[in-house]
Amino acid sequence: MADRDNKVKSFYGIAPKRYNKRWEEKKIKLEKCAIGFRQNPILSTRKLRIDDLVPVYKTFPRQQMAFEYARTCHQDVYVFAKEKDLQGKRIYLVATLPHFWYNYTRNCLPENRNYYEVIPEGAACRLYFDLEFKTEFNPDKDGMKMVDIFIKYVCYQLKNMYGLECGRKFIVDLDSSTAAKFSRHLIFHLPGAVFKDNIHVGTFVRHILALLQTKLEYGSEQPDSQLAERGGILCCNDRSPALIHEDNAEKRVDGVRLGELKELFVKDEKGSFVIFCDQGVYTKNRNFRIFKSTKIGKKSHLVFSSQNMFKPSPKGRKGSFSKDPDYLFFLDSLVSNVSMQVDGKDVRILTCESCVNSCKTPSKRTAQGIGSQVPTQTGYEHSSYPDIDRFVLSVVNRGGVQGEIRKWVYFPQGKLLTYDILKNQWCENIGRPHKSNHIMIVVDIKHGVYYQKCHDPDCRRIDYRSPERPIPEDIDPLMSSQRTGNSHCQTDHVCV
DNA sequence: CATTATTACTAGGGCCC
DNA sequence: GGCCCTAGTAATA
Ligand SMILES: Nc1ncnc2c1ncn2[C@H]1C[C@H](O)[C@@H](COP(=O)(O)OP(=O)(O)OP(=O)(O)O)O1
């Protein structure tokens, strides 16, 4: 050991005097160099810092190629799409966020900022909304007020279905409105939670919007409305679902007046009334326009709206742009930029699955089949769920006829409550009432939905079931039991 | 060389009453 | 003729 120390010492030992002058010259030379570099920095626009990532910025003509490349990157890269022409053709870009931001803000003129985030199929993401309507067809609509009402309703449902407290300060609110079109993008930062992917977000959104319609129809004096649910899209032919009786307009669902909810409906180009929330933006690899981008050829860049109350937090942000408030805002405005840990805690993964899809298995599981194995409860007129009875009556009292409950049967195994209906024989399968056969309403309590079946031999042969529709969640025993009785495991999962 | 994913609409064939 | 199913096309975001 001592031997080695000596060797090191002699090697690094005091240099002979004759070398001192040479060192001095070198030192002066280096200092001159340093002054030169300081005056003419090589990286004149930007200094690379240790916190910065190795740059990744590569374009591809096909989305698939971009994702294949992204998979080979060992860093946190994102796929963006850039519009090439007015036909909607795109090129795809793989980049780390700081390098994307650098080129986006420094090398790209505002009119060329035609970029979209590609929300990857299967990737965890935030709750997001595309809210829009044409001013031309809705000259008197107050978009600002509508967004506030919409947010209140969504927050009510988040609390209701997932127990989450949300509000304005957790919501990135971006505006892209023009004289012709009111247009907003909302991105929710749910405290400690993200959705499993954007398909689950879509199921959640369609579910709460279908419930919204049920709320508006429920208790209406004019049940024979033109309202029609087509493929889950809220739509009616010629008028707003302003069917609320005065008595109900002041009713509140957790601070949202029912009378306000009808304001969320607008006229579209075909003259139909539709909700101003676009339900088409929840598909695989959906492009979603980003902060400071405009559609190609237009001049409506997404900027933070005057109503925005979200403040980006610089906590944990590193790199050259960590002090650029727009960059921090950009990071928080992305739908798929989520971390799985917040403050050392795992974030909840929210799911929302559609029963309509999951029940598509061709196996014939009839309500009767399930009930045959276990004892069922049965009775007449009133079941042990008076709220559900009332709801079923409201369903069969549409169209100017007064349906009645003849008999109910409860199948505990499948949590199905079936009602035999008198005096209303309307069957969706044939689009008109049956002449002699009666219909049934089946309430699936577990999934919070109902559908119609009937005793007609033709309908039975094909095991006909109408499309499932949600039952109002405030009379839904499932929702309350999930929240109160099952706190430790299933709270994140909702099947609708 | 190169948009993508999904839904709405349409036309034609087979089957039943 | 009416209804359903299917495949191909158009439309939409
Ligand atoms: N032709 C297309 N090809 C691929 N993705 C598209 C296409 N058109 C729209 N998208 C994607 C990107 C959009 O951000 C998203 C929603 O569409 P859309 O509502 O028309 O635009 P937008 O919400 O970005 O702007 P705005 O509503 O202000 O016109 O769908």
Side-chain angles (χ1 to χ4, degrees), chain A residues 58-70 78-94 112 114-123 125 128-134 137 174 176-178 180-186 197-203 205-206 209-210 228-237 266-272 274-290 293-298 300 302 335-336 354 356-357 360 362 427-432 434-435 456-459 461-467:
Chain A
K58 215 164 148 53
T59 61
F60 301 87
R62 293 288 195 194
Q63 177 183 275
Q64 192 195 345
M65 300 163 77
F67 275 113
E68 275 164 17
Y69 176 74
Y78 289 77
V79 177
F80 295 92
K82 185 190 186 310
E83 277 177 305
K84 282 201 299 185
D85 56 29
L86 294 165
Q87 280 80 259
K89 298 231 175 96
R90 283 151 159 79
I91 56 159
Y92 296 88
L93 167 62
V94 179
N112 296 330
N114 321 121
Y115 284 86
Y116 298 79
E117 172 184 8
V118 181
I119 303 164
E121 175 180 354
C125 70
Y128 62 102
F129 293 96
D130 182 19
L131 304 178
E132 55 192 25
F133 64 83
K134 294 263 172 70
F137 308 119
L174 297 173
S176 184
S177 299
T178 61
K181 191 177 181 186
F182 179 87
S183 172
R184 291 281 179 93
H185 284 187
L186 304 181
D197 61 35
N198 75 330
I199 303 301
H200 285 260
V201 174
T203 309
V205 172
R206 280 185 295 270
L209 295 186
E229 193 187 0
R230 293 199 313 221
I233 306 300
L234 295 171
C235 169
C236 76
N237 294 332
V266 293
K267 276 219 169 191
D268 69 7
E269 33 275 291
K270 290 168 215 133
S272 303
V274 292
I275 195 152
F276 84 137
C277 171
D278 181 358
Q279 292 166 82
V281 295
Y282 306 106
T283 58
K284 292 168 181 171
N285 300 318
R286 165 63 49 175
N287 286 197
F288 206 52
R289 189 150 54 91
I290 60 169
S293 268
T294 175
K295 279 181 172 172
I296 196 165
K298 304 217 168 146
S300 57
L302 275 164
V335 173
S336 60
S354 162
V356 180
N357 289 334
K360 263 192 178 157
C427 173
E428 272 196 67
N429 188 30
I430 56 173
R432 58 172 172 78
H434 283 294
K435 287 179 192 69
D456 178 82
D458 288 334
C459 298
R461 194 165 34 247
I462 60 166
D463 191 33
Y464 174 76
R465 292 175 183 202
S466 77

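Per chain, numbering begins at 1; letters A, B, ... match sequence-line order. Side-chain atoms are counted along with the backbone in the values below, which use heavy atoms only and exclude waters and symmetry mates.
- In this structure, A:Ile296 places its CD1 atom 17 Å from C1' of C:dA13, rounding to the nearest Å.
- A donor-acceptor pair is defined here as one N or O able to donate and one able to accept, closer than 3.5 Å; no such pair exists between the side chain of A:Tyr464 and the backbone of A:Ile430.
- Judged by distance alone, the side chain of A:Thr283 and the main-chain N or O of A:Arg286 form no donor-acceptor pair under 3.5 Å.
- A:Lys284 comes within 4.0 angstrom of the backbone, heavy atoms only, and of no base.
- Side-chain proximity of A:Pro61 to B:dA2, C:dA13, B:dT6: nearest is B:dA2.
- Atom P of nucleotide C:dA13 and atom OH of A:Tyr282 are separated by 14 Å, given to the nearest angstrom.
- Regarding contacts with the backbone of B:dA5, a side-chain N or O of A:Asn285 is found under 4.0 angstrom from either OP1 or OP2.
- By the side chain to side chain donor-acceptor pair (under 3.5 Å) test, A:Ser466 pairs with no residue at all, sequence neighbours left out.
- As a whole-Å value, the separation of A:Ile119 CD1 from B:dT6 P is 13 Å.
- No side-chain donor-acceptor contact under 3.5 Å links A:Tyr69 to the backbone of A:Leu93.
- Comparing the start and finish of the helix from B:dT4-C:dA13 to B:dC16-C:dG1, five pairs each, the helix axis swings through 10°, to the nearest 10 degrees.
- In this structure A:Glu121 satisfies the side chain to side chain donor-acceptor pair (under 3.5 Å) test with no other residue, sequence neighbours excluded.
- What separates CZ of A:Phe67 from P of B:dT4 is a distance of 11 Å, to the nearest Å.
- Checking side-chain atoms of A:Asn114 against main-chain N and O of A:Thr294 turns up a donor-acceptor pair under 3.5 Å.
- As rounded to whole Å, 20 Å separates atom P of B:dT4 from atom CZ of A:Phe288.
- Going from the P atom of C:dA13 to that of B:dA2 covers 26 Å, rounded to whole Å.
- Among the atoms of the strands shown, base atoms are found under 4.0 Å from some heavy atom of A:Gln87.
- Contact check, A:Gln63 against B:dA5: a side-chain N or O comes under 4.0 Å of OP1 or OP2.
- Scanning for ring pair (Phe, Tyr, Trp, His ring centres under 6.0 Å) contacts around A:Phe133 gives A:Phe182, with sequence neighbours left out.
- With sequence neighbours excluded, the residues that form a side chain to side chain donor-acceptor pair (under 3.5 Å) with A:Arg289 are A:Ser176.
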Before giving the answer on salt bridge (charged side-chain N to carboxylate O under 4.0 Å, His left out), spell out for A:Lys295 and A:Glu83 the whole-Å C-alpha distance, their side-chain angles and the decisive distance to 0.1 Å. CA-CA 8 Å; A:Lys295 279 181 172 172; A:Glu83 277 177 305; over 6 Å; no

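- Within the 4.0 angstrom heavy-atom criterion, no nucleotide atom of any strand lies near A:Asn287.
- The nearest whole Å value for the distance from the CZ atom in A:Arg286 to the C1' atom in C:dT12 is 9 Å.
- In this structure, CZ of A:Phe129 is placed 18 Å from P of C:dA13, rounded to the nearest angstrom.
- Atom CD in A:Glu68 sits about 19 Å away from atom P in B:dA2, given to the nearest Å.
- The phosphate of B:dT4 has neither OP1 nor OP2 within less than 4.0 Å of any side-chain N or O from A:Arg90.
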Do any N or O atoms of the protein come closer than 3.5 Å to N or O atoms of nucleotides 14-17 of chain B, and which pairs are they?
none

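- Side-chain contact between A:Glu117 and A:Asn287 is absent, with no heavy-atom pair separated by less than 4.5 Å.
- Residue contacts shown for A:Tyr92 include a base, since a base heavy atom lies under 4.0 Å away.
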